[in-house]
Amino acid sequence: MFFAIALTISSFVVLGQNVNQVTDPVEYVNPLMGTDSKPDLSNGNTYPAIAVPWGMNFWTPQTGKMGDGWAYTYTADKIRGFKQTHQPSPWMNDYGQFSVMPVTGKMVFEQDERASWFSHKAEVSKPYYYSVYLADANVTTELTPTERAAQFRFTFPKGDSSYIVIDAFDKGSYVKVIPAERKIIGYSTRYSRGPLPNFKNYFVIYIDKAFADAKVWSDKSIVEGLELTANHAGAVIGFKTTKGEKVNMKVASSFISFEQAELNLKRELGSDSFDVTAQKAKALWNKRLNAISVGGGTVDQVRTFYSCMYRTLFFPHKMYEHDANNKIVHYSPYNGKTLPGYMFAGTGFWDTFRALYPFLNLVYPSINKEMQEGLINDYKEGGWLPEWSSPGYADIMVGNNSASVVSDAYIKGLRGYDINTLYKALTHGANNEGPISAVGRKGVKFYNELGYIPFDVDINENAARTLEYAYDDFAIYQLGKALNKPESEIGIYAKRSQNYRNLFDPSSGLMRGKNKDGSFQSPFSPFKWGGAFTEGNSWHYSWSVFHDMNGLVNLMGGDQKFVTKLDSVFSMPPVFDESAYGGVIHEIREMQIANMGQYAHGNQPIQHMIYLYNYAGAPWKTQYWARETMNRMYRATPDGYCGDEDNGQTSAWYVFSAMGFYPVTPAVDQYVLGAPLFKKVTLNLENGKKVIINAGANSAENKYVKSLSWNGKPYSKNWVSHSELLKGAVLDFSMTQTANTQRGSDKKDYPYSFSTDK
């Protein structure tokens with residue numbers, strides 16, 4: 001049987017412990033990576049997303065109760081349903097969800113009564129296929145996805161009382177059973193972040209077996225008739241089954257209408273069998289994952305690499321659909337209308353501007369072009385660019401990092417969309433407060449007048465906002481330059497990009513909150529999480545000068561003192577002050593238990609810090625700590641992350657680092673070098689060119705770069721150019737056990753800094 005084999009024999013060629021060639025990368029992916037999580041300790045906070053890359057809909061087995069953000073947790077032992085989900089993270093929760101569940105023996109439909117024991121020993125989880133044995137029902141459930149639809153296959157026992165339960169969830173839902181067509185339709189209006197005007201997720205379901213019984217239910221009661229609008233509506237379909245009988249179900253949904261959901265189903269599933277849909281989904285995954293081919297690593301390293309890469313290919317997810325005329329249309333979360341063009345949702349730029357979007361710009365620029373067009377529609381329909389889209393404007397996190405997402409795409413070469421409207425959106429967002437604090441710039445009047453947001457004016461996370469706004473101003477300046485805007489217009493953004501200097505405290509050598517009168521906030525503890533900072537402390541945020549590291553080096557006293565300061569992050573004990581939160585948040589606990597000092601890789605603010613040794617002549621320390629972090633903080637297991645995975649960002653850090661470079665400064669045409677993890681990496685770029693990264697002597701011991709050549713010529717710089725990579729390149733790393741402390745120590749080889757840019 002097509003899915004009986006967990007790993008196809010052709011998926012790898014193994015010599016000893018190393019995988020030298022990957023031909024079937026999807027079979028290395030473990031969707032359960034990161035699922036052993038809970039609110040007070042995250043090992044990823046992921047769920048197994050059974051979907052295709054950037055699909056409009058994902059599916060997941062649901063172990064949590066209805067509405068619980070922790071939809072699937074590895075330690076659970078019961079499944080309550082199979083949920084269509086759009087959830088970016090448990091903290092953001094879901095929107096437009098509904099679920100299906102087989103039961104036998106007795107017509108039960110309430111989530112606890114229908115729940116069934118299961119075991120991971122009888123579970124197969126792949127990106128394109130999921131199967132599990134439900135012990136209480138004695139039913140095996142299989143599912144396989146498309147972008148907006150899915151197929152289920154239920155293998156029932158012999159019985160007169162076999163059922164499929166449809167649960168449209170609470171907060172307002174509708175179901176209708178149409179027995180003559182073996183069809184169920186309905187919608188869910190449930191969402192966690194809003195308001196979302198006129199929001200409905202319409203679904204249509206077809207079952208390939210005549211209905212012997214059909215009921216609709218509300219909350220815990222069966223209701224007369226076959227149609228119901230209620231706070232919590234659902235349906236139950238029943239039939240007799242023979243032993244081993246397979247009942248097939250096709251399902252699709254739409255944010256626009258029932259008619260559009262029907263169209264999505266016919267277009268994406270048609271007459272395809274379950275196995276054909278699964279084969280198509282698998283082929284699509286392999287096509288996307290084959291954009292990067294790795295070899296010469298251990299089985300565990302290859303599994304971790306492709307499991308992380310899988311996580312980079314979901315968010316933001318498509319919210320757009322193709323109408324009857326095959327025109328691209330979308331539901332607008334801003335005005336509730338159906339409008340032409342692209343729309344994406346479900347991501348927070350505070351996390352993903354750092355590495356996820358740069359990853360798309362390098363490896364999948366065509367999808368990010370669509371995303372940029374979606375941002376244009378966000379601005380036109382809502383008046384602002386989102387900073388956290390879920391799917392409209394979510395009032396959470398800080399920064400104005402849409403500036404980075406827009407600018408990096410254009411500077412990395414994306415074209416063919418209305419960049420001038422996006423530039424207008426950036427300048428609008430940079431100079432105005434939005435209707436909620438997470439849109440535009442909260443505290444912009446203080447920031448523009450004083451050069452920082454004061455600690456004592458009742459604006460939370462003020463130092464974090466200041467530092468991020470300064471970088472965002474740099475990103476706007478970079479885009480303005482690329483668009484040939486006059487210096488008289490864009491010079492103000494260059495000037496504001498230096499506002500980070502206003503928070504540097506010479507007495508501690510760190511960033512510190514500052515009061516309105518110019519005095520530093522006191523008392524000051526660099527170990528205090530929150531307060532002036534966002535989900536971190538001063539030791540984490542003091543490195544958030546992405547665009548002008550040379551300026552920060554000079555503030556800290558020069559190269560040697562800067563390197564010593566970086567070293568201190570790892571050598572200090574993991575002490576913390578949680579008083580601003582009134583308790584230990586999970587990000588603090590994850591830093592404390594990681595045994596890497598103050599380095600908190602489980603959260604985003606410090607993730608680039610390892611690469612900063614390159615700006616002070618000690619790139620070998622980057623090589624050491626990048627390898628340590630990859631080895632210690634990541635594994636393709638249920639506890640395989642060291643904090644929230646966060647919409648592909650933490651995974652993109654791993655994928656970049658395993659290739660040997662990282663985008664410290666989005667909106668600049670550079671990646672900062674580390675050292676590759678594998679003996680060979682091949683990037684198959686969308687333009688047809690290849691980047692081949694060779695490190696033949698690479699091993700657990702040989703983690704340092706002795707020398708590097710580019711297309712056969714010696715290369716001394718601590719960075720590589722995006723535009724040069726796009727031309728195709730061969731990078732040959734000579735790896736050694738002993739650090740080469742001379743390579744990359746000359747200032748002419750340092751990466752970009754604004755204050756040294758000629």
Side-chain angles (χ1 to χ4, degrees), residues 15-21 292-302 304-305 559-560 562-564 566-567 569-571 596 599 608-634 653-662 664 670-683 691-721 724-725 729-751:
L15 294 176
Q17 290 301 305
N18 276 1
V19 178
N20 290 328
Q21 183 181 356
I292 307 177
S293 177
V294 301
T298 66
V299 173
D300 282 346
Q301 287 170 337
V302 174
T304 303
F305 182 87
D559 285 1
Q560 188 172 344
F562 184 77
V563 168
T564 300
L566 289 169
D567 289 343
V569 171
F570 298 108
S571 63
M596 292 185 78
Y599 183 66
H608 68 295
M609 168 252 165
I610 282 173
Y611 286 86
L612 302 187
Y613 289 105
N614 285 279
Y615 295 80
W620 64 273
K621 294 196 172 189
T622 288
Q623 296 155 23
Y624 174 83
W625 284 113
R627 181 68 67 92
E628 283 290 296
T629 303
M630 284 187 279
N631 287 346
R632 292 162 59 177
M633 299 291 114
Y634 292 83
W653 185 96
Y654 184 93
V655 174
F656 266 124
S657 296
M659 292 192 291
F661 52 88
Y662 185 80
V664 170
Q670 287 186 6
Y671 305 100
V672 178
L673 284 169
L677 181 64
F678 297 95
K679 293 181 185 293
K680 186 172 183 178
V681 178
T682 302
L683 277 75
V691 176
I692 299 172
I693 301 165
N694 293 314
N698 215 342
S699 67
E701 297 77 23
N702 293 353
K703 57 189 154 197
Y704 295 109
V705 178
K706 181 179 180 182
S707 62
L708 171 62
S709 68
W710 182 298
N711 292 339
K713 297 179 181 178
Y715 189 84
S716 64
K717 298 185 188 306
N718 293 345
W719 54 274
V720 293
S721 161
E724 289 299 310
L725 289 177
V730 177
L731 281 68
D732 291 303
F733 286 82
S734 175
M735 305 297 292
T736 180
Q737 287 189 40
T738 307
N740 180 352
T741 59
Q742 298 306 306
R743 190 193 177 280
S745 61
D746 195 311
K747 288 186 184 294
K748 69 178 176 57
D749 294 322
Y750 292 7

Passes salt bridge (charged side-chain N to carboxylate O under 4.0 Å, His left out), Lys747 versus Asp559? Steps please. CA-CA 10 Å; Lys747 288 186 184 294; Asp559 285 1; 3.0 Å; yes
Verdict with supporting geometry, Glu628 and Ile610, side-chain contact (heavy atoms from CB on, under 4.5 Å): CA-CA 10 Å; Glu628 283 290 296; Ile610 282 173; over 6 Å; no
Stepwise side-chain contact (heavy atoms from CB on, under 4.5 Å) check, Arg743 with Leu708: CA-CA 9 Å; Arg743 190 193 177 280; Leu708 171 62; 3.7 Å; yes
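Put simply, the residue from Trp620, Tyr624, Trp625 that forms a side-chain contact (heavy atoms from CB on, under 4.5 Å) with Tyr613 is Trp625. None of Asn698, Val294, Ile692, Asn20 except one satisfies the side-chain contact (heavy atoms from CB on, under 4.5 Å) rule with Lys680; the exception is Ile692.
Closest approach of Asp749 to Ser716, counting heavy atoms only: OD1-OG, 2.9 Å. Between Leu731 and Ala729, the shortest heavy-atom contact is CD1-CB, 3.8 Å. Here the closest non-hydrogen pair linking Lys703 and Ala700 is CD-O, 4.2 Å. The minimum heavy-atom distance between Gly617 and Tyr750, with the atom names listed, is N-OH, 3.3 Å. Scanning all heavy atoms of the two residues, the minimum distance from Met630 to Leu677 falls at SD-CD2, 4.1 Å.
Looking at heavy atoms from C-beta onward, Tyr599 lies in side-chain contact with Thr629 at the 4.5 angstrom threshold. Counting heavy atoms from C-beta outward, Tyr704 and Asn740 have side chains that stay 4.5 Å or more apart. By the 4.5 Å heavy-atom criterion applied to side chains, Tyr715 and Lys713 are not counted as neighbours. Side-chain contact check for Trp719 versus Val664: every heavy-atom pair is 4.5 Å or farther apart. In this structure, Tyr662 and Tyr671 have side chains that are not in contact, with every pair of non-hydrogen atoms separated by 4.5 Å or more. Contact of the Gln670 side chain with the Val720 side chain is not registered, since no non-hydrogen atoms from C-beta on lie closer than 4.5 Å. Looking at heavy atoms from C-beta onward, Val681 lies out of side-chain contact with Val691 at the 4.5 angstrom threshold.
Within the model, atoms NZ of Lys717 and CH2 of Trp710 stand 11.0 Å from one another, a figure rounded to the nearest 0.5 Å. In this structure, OG1 on Thr298 lies 7.0 Å from CG on Asn18, to the nearest 0.5 angstrom. Distance check: Met609 CE to Thr622 OG1 gives 8.5 Å after rounding to the nearest 0.5 Å. Rounding to the nearest 0.5 Å gives a distance of 10.0 Å between CZ of Phe570 and NZ of Lys621. Put simply, OG on Ser571 and CE on Met596 are 12.0 Å apart, with the number rounded to the nearest 0.5 Å. Atoms CG and OG1, on Asn702 and Thr736 in that order, are 6.0 Å from each other to the nearest 0.5 Å.
Of the N and O atoms on the side chains of Asn694 and Asp732, at least one donor lies less than 3.5 Å from an acceptor on the other residue.
Formation of a donor-acceptor pair under 3.5 Å by the Tyr611 side chain with backbone atoms of Tyr615 is not found in this model. Not a single donor-acceptor pair under 3.5 Å links the side chain of Ser657 to the backbone N or O of Tyr654. A donor-acceptor contact shorter than 3.5 Å is absent between the side chain of Gln301 and the backbone of Phe678. The backbone N or O of Pro676 lies less than 3.5 Å from a partner atom in the side chain of Arg627, making a donor-acceptor pair. Judged by distance alone, with hydrogens and angles left aside, the side-chain atoms of Asn614 form a donor-acceptor pair with the main-chain N or O of Leu673 at under 3.5 Å.
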